[in-house]
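Encoded as structure tokens, the structure appears first; notes follow it.
Read the numbers this way: they start at 1 and go in the same order the structure lists the ligands and their atoms. In what follows, residues are counted from 1 in the order of the sequence shown. This one's a predicted model, so the numbers in the text were calculated from it and none came from an experiment.
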Amino acid sequence: MHDARYIGSEGYTQNCVISEEQKVVSGEGHTLFTRTVARRNMKLWPQNPPTFTDALDQYTEEIQRVANIAFESIGKSLKLDKLSDNFKDCQQSIRINYYPPCPHASNVVRLAPHTDSVGLTVLLQVNEVDGLQFKKNGVWLPINPPPGALIVNCGDIIEIMSNGKYKSLEHRAVVNSEQERFSIGTFHGPSVEAHFLQRHLGKVNQFTIRLLASRIIIGWCLLI
Ligand SMILES: O=C(O)CCC(=O)C(=O)O
Ligand SMILES: [Fe+2]
């Protein structure tokens, strides 16, 4: 039987150099499933500092509140009142990203261009060092959030559900030559019981699906 706790990958990851020709992709991250609580694998949750578990529990609960407000607003704007139902008891995970400073800035992209495959991402740039960029009309635009601001980013699932009205924008993180950078992405996917694909697929533009599939393949090729 399929066990929903083990969808996706979890734990520590480090991006590495693949070849001389390819740009060095450097940075590290730790991914944890945070909700539903049954999906947590506590072996991967750091024990030090001892306040980590409680702090992360509270942080992700508050972030989920923000995501729920955004899901409801998106649903209302699309006249899909039940859209947010698909994200009740949603599958939530976090990725804590660390990007060390790098003097060879021109050769390094910290996090390769990608779209998030979830419904919504809520990103906190922890130490106020900028680096996130979104691609709009073929141009990379830097995001300079005010201190403490949360960046809410639509993922592929919302692009599919909205039939392309809300875009899952390609984004990346670039280097800072002098300062280290921390960010925490909190990802919200549909609840395990959600049946939105069955309900909405008939209405979804096939072009949107092909576009997203090609993006996933391109993103995958960039990583291998
Ligand atoms: O570090 C950032 O600003 C972006 C992180 C990100 O896009 C991700 O973890 O999916
Ligand atoms: Fe992302």
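Note that the CG atom of Asn68 and the CG atom of Leu120 stand 9.5 Å from one another [nearest 0.5 Å].
Nearest heavy-atom pair across Met42 and Thr53 is CE-CG2, 3.9 Å. Considering every non-hydrogen atom in both Asn176 and Gln179, the closest pair reads OD1-N, 2.8 Å.
Angle subtended at the Fe ion (ligand 2) by His114 NE2 and Asp116 OD1: 90°, rounded to 10 degrees.
Using cut-offs of 30° and 60° on the angle between ring planes, the pair Phe71 and Phe87 is parallel.
Of the N and O atoms on the side chains of Ser93 and Arg39, not one donor lies less than 3.5 Å from an acceptor on the other residue. Side-chain contact, Asp156 with Thr115: a donor N or O sits under 3.5 Å from an acceptor N or O.
Atom NE2 is the N, O or S atom of His171 at the shortest distance from the Fe ion (ligand 2).
Remark: Asp57 engages Arg40 in a salt bridge, criterion side-chain N to carboxylate O under 4.0 Å.
At a 4.0 Å heavy-atom cut-off, the residues surrounding ligand 1 are Arg95, Asn97, Tyr99, Leu111, His114, Asp116, Leu123, Leu132, His171, Arg181, Ser183, Phe187, listed by chain and number.
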